[in-house]
Amino acid sequence: MGDAVELEVAGRTVRLSSPDKVFFPEHGYTKLDVARYYQAVAPGLLRALRDRPTTLQRYPDGITGEWFYQKRAPKSMPDWIPTAHITFPSGRSADEMAPTEEAAVVWAAQYGTLVFHPWPVRRTDVDHPDEFRIDLDPQPGTDYDDAVRAAGELRAVLDEYGLRGWPKTSGGRGLHVFVPIQPRWTFTQVRRAAIAVGRELERRMPEQVTIKWWKEERGERIFVDYNQTARDRTIASAYSVRPRPHAPVSAPLRWEEVGAARPQDFDITTMPARFAEFGDVHADMDDHAFSLEPLLELARRDEHDHGLGDLPYPPEYPKMPGEPSRVQPSRARKPRSSAS
């Protein structure tokens with residue numbers, strides 16, 4: 001696997017063992033290639049992770065081997081990487097890494113981390129998100145171009161309600177739009193705002209967009225995955241490497257690039273040059289903090305005027321107040337017809 005190497009990252013030395021281990025067999029990309037990629041984009045990735053409790057998606061033997069989510073900070077983690085104490089919906093809790101230095105992302109690469117999953121909170125306040133994340137998920141029969149059309153209308157919706165989003169590719173066929181918000185609202189309230197956005201988008205594009213939780217009801221539409229805003233649900237960070245054969249990455253975009261961009265154009269070999277030329281195109285996100293009140297007012301109107309309340313949570317969550325049935329529609333017990 002080759003002798004260990006040392007990488008210099010923002011004043012720290014990070015040791016990388018087995019640098020020649022192949023992580024992406026189709027192209028021969030190695031563990032060292034992944035580490036050097038993260039070294040090249042570290043300032044942008046740290047912007048996305050700074051002070052956020054972060055789950056690591058690890059592939060110690062590359063993308064063809066077994067993988068797992070590392071939610072608890074590894075015992076081997078150096079003391080210069082702080083942690084954040086977070087609580088899961090089950091009531092259990094853990095200390096997760098909360099990076100404050102660029103070297104932390106390269107250190108994580110040493111342990112086979114490909115994807116970083118930051119919570120939408122900071123370690124100083126883990127119960128009030130400061131990012132509102134909207135996941136536009138193409139369903140079978142749709143693709144990136146369909147997500148682009150939905151994102152364009154989403155941008156208009158956000159603007160009408162006084163918010164601004166920063167788009168990025170998911171690393172697959174979808175798009176993510178992140179909105180920096182004031183840390184004033186709970187996870188439950190942020191999720192309710194996501195439902196309101198999804199419903200408004202669905203009203204405007206009923207043939208192209210859905211907020212239906214059950215897959216059997218979604219059809220060939222873009223699903224606004226509102227449950228990605230629930231506690232302990234995370235979205236791959238900007239610049240994260242995705243575990244697909246050509247080593248794509250989640251690429252931050254300017255709005256004017258969204259339509260022309262192609263997700264396959266961004267990988268661990270092309271993103272460093274883009275980053276060197278343009279820097280982090282989402283660098284100004286932290287200069288803003290928007291209010292969710294207009295969207296929460298929309299949610300209240302939806303419920304008061306149209307009877308549109310909460311939607312189902314994922315199956316592993318405890319039953320929530322006001323939540324409708326989690327029974328798949330095709331399996332729901334049909335009411336008996338009355339005798340004639």
Supply the atom-to-atom distance [X] [atom1] to [Y] [atom2], rounded to the nearest 0.5 angstrom.
X	Y	atom1	atom2	answer
E217	S330	CD	OG	8.5 Å
S250	I235	OG	CD1	9.5 Å
D51	R123	CG	CZ	4.5 Å
R326	K319	CZ	NZ	6.0 Å
L308	H306	CG	NE2	6.5 Å

Between [Y] and [X], is there a side-chain donor-acceptor contact under 3.5 Å, judged purely by atom types and distance?
X	Y	value
H85	D95	yes
H117	Q57	yes
K31	Q110	yes
Q208	R221	no
E96	T55	yes
Q139	E220	no
D267	Y29	no
T54	R52	no

Keeping the roles fixed (side chain from [X], backbone from [Y]), state whether a donor-acceptor pair exists under 3.5 Å.
X	Y	value
H27	A247	no
T169	A251	yes
H246	F266	no
R300	L295	no
Q70	R72	yes
R133	T234	no

Exercise: identify the closest heavy-atom pair between [X] and [Y]:
X	Y	value
F223	K212	CE1-O, 3.2 Å
A84	V126	CB-CG1, 4.5 Å
G165	V177	CA-CG1, 3.7 Å
T83	M77	CG2-CE, 3.4 Å
A238	L45	O-CD1, 3.3 Å
K21	D61	NZ-OD1, 3.4 Å

Should [X] and [Y] count as side-chain neighbours, where that means a heavy-atom distance under 4.5 Å?
X	Y	result
L56	Y69	no
H176	L136	no
M97	P99	yes
Y38	L7	no
Y239	P252	yes
T30	F23	no
R262	Y144	yes
Y37	P272	yes

So that I know where these two stand, are [X] and [Y] an aromatic pair - ring centroids less than 6.0 Å apart?
X	Y	value
F187	W185	no
F68	Y59	no
F178	W166	no

Would you kindly confirm whether [X] and [Y] end up in one hydrophobic cluster when ILVMFWY residues are joined by side chain heavy atoms under 4.5 Å apart?
X	Y	result
I195	V179	no
L201	Y226	no
I63	V115	yes
V106	L114	yes

Legend entry - Verdict with reasoning, V157 to R204, per side chain to side chain contact (heavy atoms under 4.5 Å, CB included): CA-CA 10 Å; V157 170; R204 298 183 185 201; 3.5 Å; yes
Using a strict threshold of under 4.0 Å (side-chain N to carboxylate O), is an ion pair present between [Y] and [X]?
X	Y	answer
R173	D146	no
E6	R15	no
E153	R149	no
R274	E257	yes
R192	E303	yes
E202	R199	no

Legend entry - Residues clustering with Y313 (ILVMFWY side chains joined when closer than 4.5 Å, directly or via others):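 Members besides Y313, by chain and number: Y317, M320.
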Legend entry - Within 45° cone of F278 ring axis and under 6.0 Å: R254 NZ or CZ: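 Pair R254/F278 counts as cation-pi.
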Might you confirm whether atom [atom1] of [X] has over 12 heavy atoms from other residues, nucleotides or ligands at distances under 6.0 Å?
X	atom1	answer
E256	CD	yes
H304	NE2	no
E207	CD	no

Inset, instruction - Please step through side chain to side chain contact (heavy atoms under 4.5 Å, CB included) for the pair V105 and L46, ending with a clear verdict. - result: CA-CA 8 Å; V105 302; L46 179 62; 5.5 Å; no
Legend entry - side chain to side chain contact (heavy atoms under 4.5 Å, CB included) assessment of S237 paired with L49: CA-CA 7 Å; S237 76; L49 303 181; 3.9 Å; yes
Legend entry - Result of checking D286, D280, D284 against R47 for salt bridge (charged side-chain N to carboxylate O under 4.0 Å, His left out):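 Exactly one candidate clears the test, D280.
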Inset, instruction - Tell me, with the steps shown, if D125 and D127 meet side chain to side chain contact (heavy atoms under 4.5 Å, CB included). - result: CA-CA 6 Å; D125 184 354; D127 294 315; 4.1 Å; yes
Inset, instruction - Under the side-chain hydrogen bond (donor to acceptor under 3.5 Å, both in side chains) rule, what do R184 and Q182 come out as? Steps first, then yes or no, please. - result: CA-CA 6 Å; R184 294 169 45 198; Q182 301 159 12; 2.8 Å; yes
Legend entry - Partner set under side-chain contact (heavy atoms from CB on, under 4.5 Å) for A103, not counting sequence neighbours: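 Only V9, R12, V14, W80 meet the side-chain contact (heavy atoms from CB on, under 4.5 Å) criterion with A103.
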Inset, instruction - Return the set of residues passing ring pair (Phe, Tyr, Trp, His ring centres under 6.0 Å) with H128 (not counting sequence neighbours), or none when no residue passes. - result: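 Once residues adjacent in sequence are excluded, H128 has no partner under the ring pair (Phe, Tyr, Trp, His ring centres under 6.0 Å) criterion.
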